[in-house]
S.K.: 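Just passing along the structure, written as structure tokens.
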Amino acid sequence: MASGRPAAEDPRNDPSLYPPIPRPYYDRDPIVVARSLLGALLCRRLEDGTLLVGRITETEAYLARGDSANHAHRGQTPRNRSMFGPPGHAYVYAIHSRHCLNVVTEPIGTPSAVLIRAVEPLVGVEQMCRLRCTADPTKLTTGPGRLCEAFAIDRRLDGEDLTRPLRLWLAAGEQIPAQAVACTPRIGVTSAKELPLRFLLRDSRFVSRRAPRR
DNA sequence: ACGGGGATCGGCT
DNA sequence: GCCGATCCCCGTA
């Protein structure tokens, strides 16, 4: 085959290395969670046992109130149901034939979330390349639709409990100093486009777009 | 490097 | 019917 040792022998390929972040972490303001999730680890266990891990480099907050870009802005529908559930679960939706992964924040009945927009691939990169049909690291997981394809995330994982290390969960990573974080308006939204609710690692290559100069 | 246009389809009005 | 929390490609420079 290609290169490197078999995944089963890779010492990083051990889920116990990535204990899930507990639920109270998510029961907070989505702005706080979005900022805090930078540097955290997105973990995925595929059907065949393959472990995929990526370090979160870019997030966006979607607020329960006063945010017309939030899918739940006009109330609950079958699609956005997960956002109204308990914190620490996934909200996965499809747009333009792609999927996007969110983490639900705040208590039941308060529909806020954090969109995971980009990660830096750490473990299982070969499998990610197969799923994405590319080996270009700048296009592998830099964007919400791209990273969902690389991690085999679709609507079947909508509502998944992210505090259990089963199919999809988040683990703590290194602390990120405040000066390493940039904040900008969100990407792609057509309403509430001025709100500075996008957070990214300033110096990371693995973001969907560079921070604007200032 | 940057910007515009098209693909594409589920969810909602 | 309309409209994207997107991505990719192809222009220009």
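Keep in mind that what you see is a predicted model, and the values were worked out from it rather than measured. In what follows, chains carry the letters A, B, and so on, assigned in the order in which the sequence lines appear, proteins first and then strands, with residues in each chain numbered from 1.
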S.K.: Return the set of residues passing salt bridge (charged side-chain N to carboxylate O under 4.0 Å, His left out) with A/Asp27 (not counting sequence neighbours), or none when no residue passes.
M.R.: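 A/Asp27 satisfies salt bridge (charged side-chain N to carboxylate O under 4.0 Å, His left out) with no residue once adjacent residues are dropped.
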S.K.: Please list residues of residues 140-148 of chain A whose heavy atoms come under 4.0 Å from any atom in DNA chain C, ordered by number; otherwise none.
M.R.: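 The stretch gives A/Gly143, A/Pro144, A/Gly145, A/Arg146 as the residues lying under 4.0 Å from the strand, ordered by number.
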S.K.: Are any of the side-chain nitrogens in A/Asp158 or A/Arg79 under 4.0 Å away from the carboxylate oxygens of its partner?
M.R.: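 No.
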S.K.: According to the side chain to side chain donor-acceptor pair (under 3.5 Å) rule, which pairs have a member within residues 29-44 of chain A, sequence neighbours left out?
M.R.: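 Applying side chain to side chain donor-acceptor pair (under 3.5 Å) to every pair that reaches into residues 29-44 of chain A, excluding sequence neighbours, yields A/Tyr25-A/Ser36.
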S.K.: Identify, with sequence neighbours excluded, every residue that meets salt bridge (charged side-chain N to carboxylate O under 4.0 Å, His left out) alongside A/Arg45.
M.R.: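 Partners of A/Arg45 under the salt bridge (charged side-chain N to carboxylate O under 4.0 Å, His left out) test: none.
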S.K.: Does any pair with a residue in residues 168-181 of chain A pass side chain to side chain donor-acceptor pair (under 3.5 Å), and if so which ones, sequence neighbours excluded?
M.R.: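 Residue pairs passing side chain to side chain donor-acceptor pair (under 3.5 Å), neighbours aside: A/Arg55-A/Glu174.
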S.K.: Show the distances under 3.5 angstrom between N or O atoms of the protein and N or O atoms of nucleotides 10-13 of chain B.
M.R.:
residue	atom	partner	partner atom	Å
B/dC12	OP1	A/Thr77	OG1	2.2

S.K.: Checking A/Arg146 now: which residues fulfil side chain to side chain donor-acceptor pair (under 3.5 Å) with it, not counting sequence neighbours?
M.R.: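 Per chain and number, A/Arg146 pairs via side chain to side chain donor-acceptor pair (under 3.5 Å) with A/Thr142.
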S.K.: Taking salt bridge (charged side-chain N to carboxylate O under 4.0 Å, His left out) as the definition, give me every residue that meets it alongside A/Glu149, ordered by chain and number, with sequence neighbours left out.
M.R.: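 Counting only residues at least two positions away or on another chain, A/Glu149 forms a salt bridge (charged side-chain N to carboxylate O under 4.0 Å, His left out) with A/Arg98, A/Arg132.
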S.K.: N/O contacts under 3.5 Å, protein versus nucleotides 3-9 of chain B?
M.R.:
residue	atom	partner	partner atom	Å
B/dT8	O3'	A/Ser97	OG	3.0

S.K.: The criterion is salt bridge (charged side-chain N to carboxylate O under 4.0 Å, His left out); which residues satisfy it with A/Arg130, sequence neighbours excluded?
M.R.: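 Partners of A/Arg130 under the salt bridge (charged side-chain N to carboxylate O under 4.0 Å, His left out) test: A/Glu126.
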S.K.: Just to be sure I follow the notation: if a pair is Watson-Crick (purine N1 to pyrimidine N3 plus N6-O4 or O6-N4) or a G-U wobble (N1-O2 and O6-N3), each under 3.5 Å, what dot-bracket string does DNA chain B give, with | for pairs to another strand?
M.R.: |||||||.||||.
S.K.: Contact boundaries of DNA chain C with chain A (under 4.0 Å, heavy atoms), 5' to 3'?
M.R.: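 Nucleotide range with atoms under 4.0 Å of chain A: C/dG4 to C/dC8.
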